Amino acid sequence: MTAVKRMFVLLCGYEILPMNVSLRGADPKFIVSVPICTYLLDTRDGWVLLDAGLDSHHLVDPGQIEKYFSPGRWFPPPIVKPVHEMEAQLKSIGIGFEDISVLILSHLHADHSGHIKRMPQARIVVQKREYDYAFSNAAKIAYFPEDYDIHGLNWDVIDGDTKVLDGIEAIFTPGHTPGHQSLIVDLPQTGKVILTADVGDWIENFDQEILPGSATSDEEAIASIRRINALRQQTGAPMFLTHDPVLVQKIKLAPDYYA
């Protein structure tokens, strides 16, 4: 019996990117606006959130803009309008950051780690390889340590496929980053769904088995794409992607939900 009652999709902003960031080999002259989605699960054991979005503080504070989003770094900056703010979307559902009991992180890039600091009470589930990499001295792109290197957080560091709650399974899908993970969620009416996170930004990554533009391991990245495809075939489960600019316009967004 699944513990999950409902799933909300939160649209938390947009990134402005050359197409080859999402699709390996695409023409970088083409620029696309890709969504940043997170997923909120209402369960009998409390509220569970997959990924923490991007902290818009980084986009309005001049020092943060210079530090992270000036030319030669991550440029141009993402867009987070008031309608995209996670706090407002949680409020529309009737909860706040303080109500999140479990925060699952697909990985620790800044568009997934932004509001970790707002949920110190939460059990924060992350893969060991991701945790070790994020806290290492290795040169890293798109990791903002001030979002997650915070004293007192309740880290739950897992290693490989792990049942998080009844009806929520974390599956190890490395490649985009060393310790990336996705989720299989069992909804009471919809059935199983696959929350791919950044295994592939677009449906083309899966349908055509095209590598993402950015990967720490091409071999692991293509293996993870093929793993998700095998799960789709075995279960018939639909995929929910984090960054697909077309699919996001076709799904229910919070405060609507999937049951």
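Basis for what follows: all heavy atoms, side chains included, without hydrogens, waters or symmetry-related copies. What you are looking at is a predicted structure, and each value in this text was computed from that prediction instead of being measured.
With values rounded to the nearest 0.5 angstrom, Ser182 atom OG is found 5.0 Å from Ile171 atom CD1. For the atom pair CD of Glu87 and OG of Ser92, the computed distance is 11.5 Å after rounding to the nearest 0.5 Å. Taking CG from Leu187 and CG from Leu41, the interatomic distance works out to 7.5 Å, rounded to the nearest 0.5 Å. Remark: Glu169 CD to Leu231 CG distance equals 8.5 Å, nearest 0.5 Å. Interatomic distance, OH of Tyr14 versus OG of Ser33, reported as 6.0 Å (0.5 Å rounding). The structure places CD of Gln189 at 12.0 Å from OG1 of Thr2, a figure rounded to the nearest 0.5 Å.
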Inset, instruction - Verify side-chain contact (heavy atoms from CB on, under 4.5 Å) between Val125 and Leu103, making sure each step is shown before the conclusion. - result: CA-CA 6 Å; Val125 181; Leu103 171 60; over 6 Å; no

Inset, instruction - Applying salt bridge (charged side-chain N to carboxylate O under 4.0 Å, His left out), run through Lys67 and Asp61 and close with a yes or a no. - result: CA-CA 10 Å; Lys67 182 177 180 180; Asp61 181 271; over 6 Å; no

Legend entry - Chi angles and distances behind the side-chain contact (heavy atoms from CB on, under 4.5 Å) call for Leu17, Phe30: CA-CA 9 Å; Leu17 301 172; Phe30 296 110; over 6 Å; no

Inset, instruction - With side-chain contact (heavy atoms from CB on, under 4.5 Å) as the test, would you mind laying out the steps for Val48 and Leu40 before giving the verdict? - result: CA-CA 6 Å; Val48 178; Leu40 178 68; over 6 Å; no

Inset, instruction - Take Leu59 and Phe69 through the test side-chain contact (heavy atoms from CB on, under 4.5 Å) and record every step on the way to the result. - result: CA-CA 8 Å; Leu59 305 174; Phe69 299 110; 3.6 Å; yes

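Aromatic ring orientation, His180 versus His176: perpendicular (interplanar angle above 60°, classes split at 30° and 60°).
The pair Arg44-Asp166 meets the salt-bridge criterion, with a side-chain N (NZ, NE, NH1 or NH2) lying under 4.0 Å from an Asp/Glu carboxylate O. A salt bridge is absent between Asp55 and Arg118: the closest approach of a Lys/Arg side-chain nitrogen to an acidic carboxylate oxygen does not fall below 4.0 angstrom. Using a 4.0 Å cut-off between charged side-chain N and carboxylate O, Arg123 and Asp156 make a salt bridge. The residues Glu220 and Arg129 are annotated as salt-bridged, a charged nitrogen and a carboxylate oxygen being separated by less than 4.0 angstrom. In this structure, Glu146 does not pair ionically with Lys117, as no charged nitrogen and carboxylate oxygen lie closer than 4.0 Å. Ionic pairing of Asp207 and Arg232 is present here: one or more N-O contacts between side-chain nitrogen and carboxylate oxygen are shorter than 4.0 angstrom. Classification of Asp244 and Lys250 as a salt-bridged pair fails, no side-chain N sitting under 4.0 Å from a carboxylate O.
Crowding of Tyr257 atom OH: a count of heavy atoms from other residues, nucleotides or ligands under 6.0 Å not exceeding 12. For Lys91, the NZ atom counts as loosely surrounded, since its 6.0 Å shell holds 12 or fewer non-hydrogen atoms of other residues, nucleotides or ligands. Atom CD of Glu209 has more than 12 neighbouring heavy atoms from other residues, nucleotides or ligands inside a 6.0 Å radius. Other residues, nucleotides and ligands contribute more than 12 heavy atoms inside 6.0 Å of the CZ atom of Phe135. Atom NZ of Lys192 has 12 or fewer neighbouring heavy atoms from other residues, nucleotides or ligands inside a 6.0 Å radius.
Considering Tyr133, Tyr68, Tyr143 as possible partners of His109, the one that fulfils the ring pair (Phe, Tyr, Trp, His ring centres under 6.0 Å) test is Tyr143. When Leu195, Val193, Val199, Thr196 are each tested for a side chain to side chain contact (heavy atoms under 4.5 Å, CB included) with Met239, only one passes: Thr196. Here the rule is side-chain hydrogen bond (donor to acceptor under 3.5 Å, both in side chains) with Thr177, and of His107, Glu130, His112 only Glu130 fits it.
Grouping the Ile, Leu, Val, Met, Phe, Trp and Tyr side chains by contacts below 4.5 angstrom, directly or via other members, places Tyr131 apart from Phe172. Both Leu165 and Tyr39 are part of a single hydrophobic cluster, where members link through side-chain heavy atoms under 4.5 Å apart. Note: the hydrophobic cluster containing Leu211 does not contain Leu23 (ILVMFWY, side chain heavy atoms under 4.5 Å, direct or indirect links). Under the 4.5 Å side-chain contact rule for hydrophobic residues, Ile16 and Met19 do not share a cluster. Connection of Leu54 to Leu10 is not established within any shared hydrophobic cluster, with ILVMFWY side chains joined at heavy-atom distances below 4.5 Å, either directly or through further cluster members.
Between Ser22 and Asp201, the side chains place a donor N or O and an acceptor N or O closer than 3.5 Å (distance only, hydrogens not considered). A donor-acceptor pair shorter than 3.5 Å cannot be found between the side chains of Arg227 and Ser224.
Ring centroids of Tyr258 and Phe8 are separated by 6.0 Å or more, keeping the two rings apart.
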